[in-house]
Asker: 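One structure, as structure tokens, below. Some questions next.
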Protein chains: 2
Amino acid sequence: MFFPSAGVPESELGLRERKRLATERTIERAALDLAQEHGYEGVTVEMICESAMVSPRTFFNYFGSKEGVFLGNTPPRPTPEMIDWFVNERPSTTLLDLVELFRWMMSTRNRTDPETMRERRALIHSTPDLAVREFARMAEAETELTALLQRRRDAAGIEGSDVFPDEPRVVVLLAFAIMHPAMHRWLENPDDASQETLIADSLSMIRRIIDEPTHS
Amino acid sequence: MFFPSAGVPESELGLRERKRLATERTIERAALDLAQEHGYEGVTVEMICESAMVSPRTFFNYFGSKEGVFLGNTPPRPTPEMIDWFVNERPSTTLLDLVELFRWMMSTRNRTDPETMRERRALIHSTPDLAVREFARMAEAETELTALLQRRRDAAGIEGSDVFPDEPRVVVLLAFAIMHPAMHRWLENPDDASQETLIADSLSMIRRIIDEPTHS
DNA sequence: GTTAATTATGCAGAGACTGCACGCTTTGCG
DNA sequence: CGCAAAGCGTGCAGTCTCTGCATAATTAAC
């Protein structure tokens with residue numbers, strides 16, 4: 001299974017697009033630098049704009065909110081073809097497919113360079129306010145995937161749908177639980193092991209936890 | 001296992017406390033009514049205050065933020081005794097204890113009457129902005145519980161701590177996945193079955209999903 | 001009844017964010 | 001090249017959430 005990772009090379013972009021990318025990155029850098037110095041709360045949009053030499057209005061045109069510049073632009077939504085593939089072409093064995101889809105949505109985030117990404121993650125995780133927002137984004141993705149699973153289930157005409165009406169959501173939560181340690185370790189040590197291995201480890205760990213003896 | 005469910009009966013409260021509760025409820029009602037009419041975005045704090053006949057400053061003294069009045073006050077944190085009990089007195093079998101603790105934190109929310117609670121839930125779920133915040137609260141609870149588990153593990157001196165450094169978080173995610181369908185069904189139909197049964201059902205469903213054949 | 005703690009309120013102001021209008025740059029096309 | 005259309009950057013005015021501070025009123029405690 002292969003999902004494409006991104007679009008047009010930057011070199012063959014129009015002048016307009018290139019300028020846009022440049023100011024976007026300038027603003028991001030200014031924001032990140034200032035936040036590392038003063039903390040998230042200690043930075044105002046005005047400060048960022050002064051440092052990046054753009055007007056506040058322009059800032060909001062680019063990022064929509066103060067948090068936006070720190071969280072990065074929203075991860076790509078699954079394409080219609082992928083949705084179709086996922087809903088119609090697969091057997092009803094859901095969990096690992098979902099993990100796969102999830103992984104794609106998380107990894108193809110954006111075209112920011114790795115160093116900036118790392119700084120950003122550090123900032124987010126050390127700022128409760130931002131961490132909460134990051135989580136909210138995860139929740140959005142979660143909701144979206146839940147809807148997708150529901151559609152697949154409807155398409156396949158699974159029998160017990162009325163007995164376990166919220167099975168899709170649980171599957172998503174589980175997929176998330178599986179992804180979490182794998183992604184975590186992978187971010188810390190990209191060459192440590194293949195993602196497949198990490199996921200397999202994670203899965204066996206979860207099996208062990210679930211099968212733990214249940215002391216009355 | 002038994003956790004106390006609430007505090008002092010309202011009748012034997014000082015005048016000051018009773019007044020405070022009264023205005024709190026007045027503001028809540030005003031907010032809820034206005035939001036049902038105009039939607040969350042369509043309501044300003046000023047409108048709520050006018051309707052409840054308090055000053056905006058008082059509103060923020062009570063709820064701290066506009067969302068606060070719609071989400072309800074934060075669920076009670078676990079008491080120090082409970083934390084101690086959880087960290088030190090229990091064997092290392094974690095999952096079901098955690099579910100129990102989780103259930104307590106969710107159920108003892110507040111002393112608002114059920115009808116208001118229902119309206120509030122409806123509003124939250126039909127307002128993306130509020131739904132996100134609700135999720136954020138869950139995330140906070142999750143973080144807190146993760147830290148608790150970590151402490152328990154340190155106290156017990158579990159061996160494989162460095163092999164599975166983020167097992168605590170995964171356990172919390174799993175507990176959450178277990179709680180989710182149970183809580184959902186329980187909110188819809190409180191007398192349908194005991195919470196224990198619901199949780200057992202949920203657990204078996206999760207086992208089934210995890211043990212699903214993994215096609216290639 | 002006097003003193004101390006709580007509470008309600010007004011006020012001033014910071015800071016995030018939006019709609020609108022205007023001028024400049026890039027683009028596409030003949 | 002020249003010209004029109006589209007897109008972009010900007011200033012401005014204004015709304016709204018939220019905070020610190022000072023002050024007056026209320027309740028509690030002795």
Side-chain angles (χ1 to χ4, degrees), chain A residues 8 10-31 34-35 37-71 73-74 127-130 132-133 136, chain B residues 8 10-32 34-35 37-74 127-130 132-133 136:
Chain A
V8 187
E10 189 170 335
S11 47
E12 35 183 288
L13 243 43
L15 171 60
R16 189 174 269 168
E17 299 279 333
R18 259 178 295 143
K19 269 190 172 177
R20 174 166 256 277
L21 270 185
T23 49
E24 185 174 313
R25 281 199 262 248
T26 304
I27 297 177
E28 275 181 359
R29 267 256 62 83
L34 285 171
E37 188 175 359
H38 303 109
Y40 173 71
E41 299 276 333
V43 171
T44 70
V45 172
E46 205 172 351
M47 288 164 69
I48 298 171
C49 293
E50 194 174 343
S51 171
M53 294 192 299
V54 293
S55 79
R57 197 63 187 82
T58 300
F59 175 91
F60 285 106
N61 278 341
Y62 272 82
F63 294 100
S65 71
K66 179 182 171 186
E67 303 151 10
V69 73
F70 295 111
L71 294 182
N73 285 315
T74 61
T127 308
D129 209 342
L130 286 178
V132 157
R133 291 304 188 141
Chain B
V8 187
E10 188 169 337
S11 46
E12 36 183 287
L13 242 43
L15 171 60
R16 189 174 270 169
E17 299 279 333
R18 259 178 295 144
K19 266 190 173 177
R20 173 166 256 277
L21 270 185
T23 49
E24 184 174 313
R25 280 199 262 248
T26 304
I27 297 177
E28 276 181 359
R29 267 255 64 80
L32 225 48
L34 285 171
E37 187 175 359
H38 302 108
Y40 174 71
E41 299 275 334
V43 172
T44 70
V45 172
E46 205 173 352
M47 288 164 68
I48 298 172
C49 292
E50 194 174 344
S51 170
M53 294 190 302
V54 292
S55 80
R57 196 64 187 81
T58 299
F59 175 92
F60 285 106
N61 279 341
Y62 271 81
F63 294 100
S65 71
K66 179 183 171 185
E67 303 150 12
V69 72
F70 295 111
L71 294 182
N73 285 316
T74 61
T127 308
D129 209 342
L130 286 178
V132 159
R133 291 305 189 136

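Everything numeric here is computed off the predicted structure, so don't read it as measured data. Basis for what follows: all heavy atoms, side chains included, without hydrogens, waters or symmetry-related copies.
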Asker: Below 3.5 Å, does any donor atom in the side chain of B:Arg57 face an acceptor in the base of D:dG20, or the other way round?
Answerer: yes
Asker: Quick one: list whatever passes ring-ring contact (aromatic ring centres under 6.0 Å, His included) with B:Phe60, sequence neighbours left out.
Answerer: none
Asker: Does the B:Thr26 side chain pair with the main chain of B:Ala22, one donor and one acceptor, at a distance under 3.5 Å?
Answerer: yes
Asker: Output the rounded distance in Å from CD (A:Glu67) to C1' (C:dG15).
Answerer: 14 Å
Asker: Side chain of A:Thr23 only, heavy atoms from C-beta on: which candidate in D:dA28, C:dT26, D:dG9 is closest?
Answerer: D:dG9
Asker: With respect to the phosphate group of D:dC8, does any side-chain polar atom (N or O) of A:Lys19 fall under 4.0 Å of OP1 or OP2?
Answerer: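 For A:Lys19, the contact criterion (side-chain N or O under 4.0 Å from OP1 or OP2 of D:dC8) is not met.
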Asker: Measure from CD on A:Glu24 to C1' on D:dG9 and round the result to the nearest Å.
Answerer: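 Interatomic distance, CD of A:Glu24 to C1' of D:dG9: 15 Å.
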Asker: Separation of B:Phe60 atom CZ from D:dC18 atom P, in whole Å?
Answerer: 5 Å
Asker: May I ask you to check if B:Arg133 and B:Phe70 form a cation-pi contact, with NZ or CZ under 6.0 angstrom from the six-membered ring centre and within 45° of the axis?
Answerer: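 Not flagged: B:Arg133 not positioned over aromatic ring of B:Phe70.
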Asker: Provide, to the nearest angstrom, the distance between the CD atom belonging to A:Glu41 and the P atom belonging to C:dA16.
Answerer: 10 Å
Asker: Name all residues meeting the side chain to side chain contact (heavy atoms under 4.5 Å, CB included) criterion together with A:Asn61; count only those two or more places apart in sequence or in a different chain, and write none if there are none.
Answerer: A:Arg57
Asker: Does a nitrogen or oxygen in the side chain of A:Tyr62 sit under 4.0 Å from OP1 or OP2 of D:dC8?
Answerer: no
Asker: Does a side-chain N or O from B:Thr58 land closer than 4.0 Å to OP1 or OP2 of C:dT9, or not?
Answerer: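 For C:dT9, OP1/OP2 do have a side-chain N/O of B:Thr58 under 4.0 Å.
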Asker: For A:Asn61 and D:dG11, give me the distance from atom CG to atom P, rounded to whole Å.
Answerer: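 Value for this atom pair: 12 Å.
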Asker: Do B:Lys66 and B:Tyr40 form a cation-pi contact, if we require the NZ or CZ to be under 6.0 Å from the six-membered ring centre and within 45 degrees of the ring's axis?
Answerer: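 Yes.
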Asker: Between B:Arg20 and C:dT6, is there a side-chain N or O to OP1/OP2 distance below 4.0 Å?
Answerer: no
Asker: D:dC16, OP1 or OP2 - any side-chain N/O from B:Lys66 closer than 4.0 Å?
Answerer: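 Checking D:dC16 against B:Lys66, no side-chain N or O comes under 4.0 Å of OP1 or OP2.
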Asker: Just N and O in the side chain of A:Ser55: are any of them under 4.0 Å from OP1 or OP2 of D:dG9?
Answerer: no
Asker: Without decimals, in angstroms, what is the distance between B:Glu46 CD and D:dC16 C1'?
Answerer: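 From B:Glu46 CD to D:dC16 C1': 9 Å.
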Asker: By the 4.0 Å heavy-atom rule, please label B:Phe63 as base, sugar-phosphate, or nothing.
Answerer: nothing
Asker: Without decimals, in angstroms, what is the distance between B:Asp129 CG and D:dC16 P?
Answerer: 16 Å
Asker: Starting at atom CZ of B:Phe59, determine the distance to atom P of D:dC16, rounded to an integer number of angstrom.
Answerer: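 Result: 14 Å.
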Asker: On DNA chain D, does the nearest nucleotide to A:Glu17 precede the nearest nucleotide to B:Val43 from the 5' side, or the other way round? Give the residue.
Answerer: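 Whichever sits nearer the 5' end wins; that is A:Glu17.
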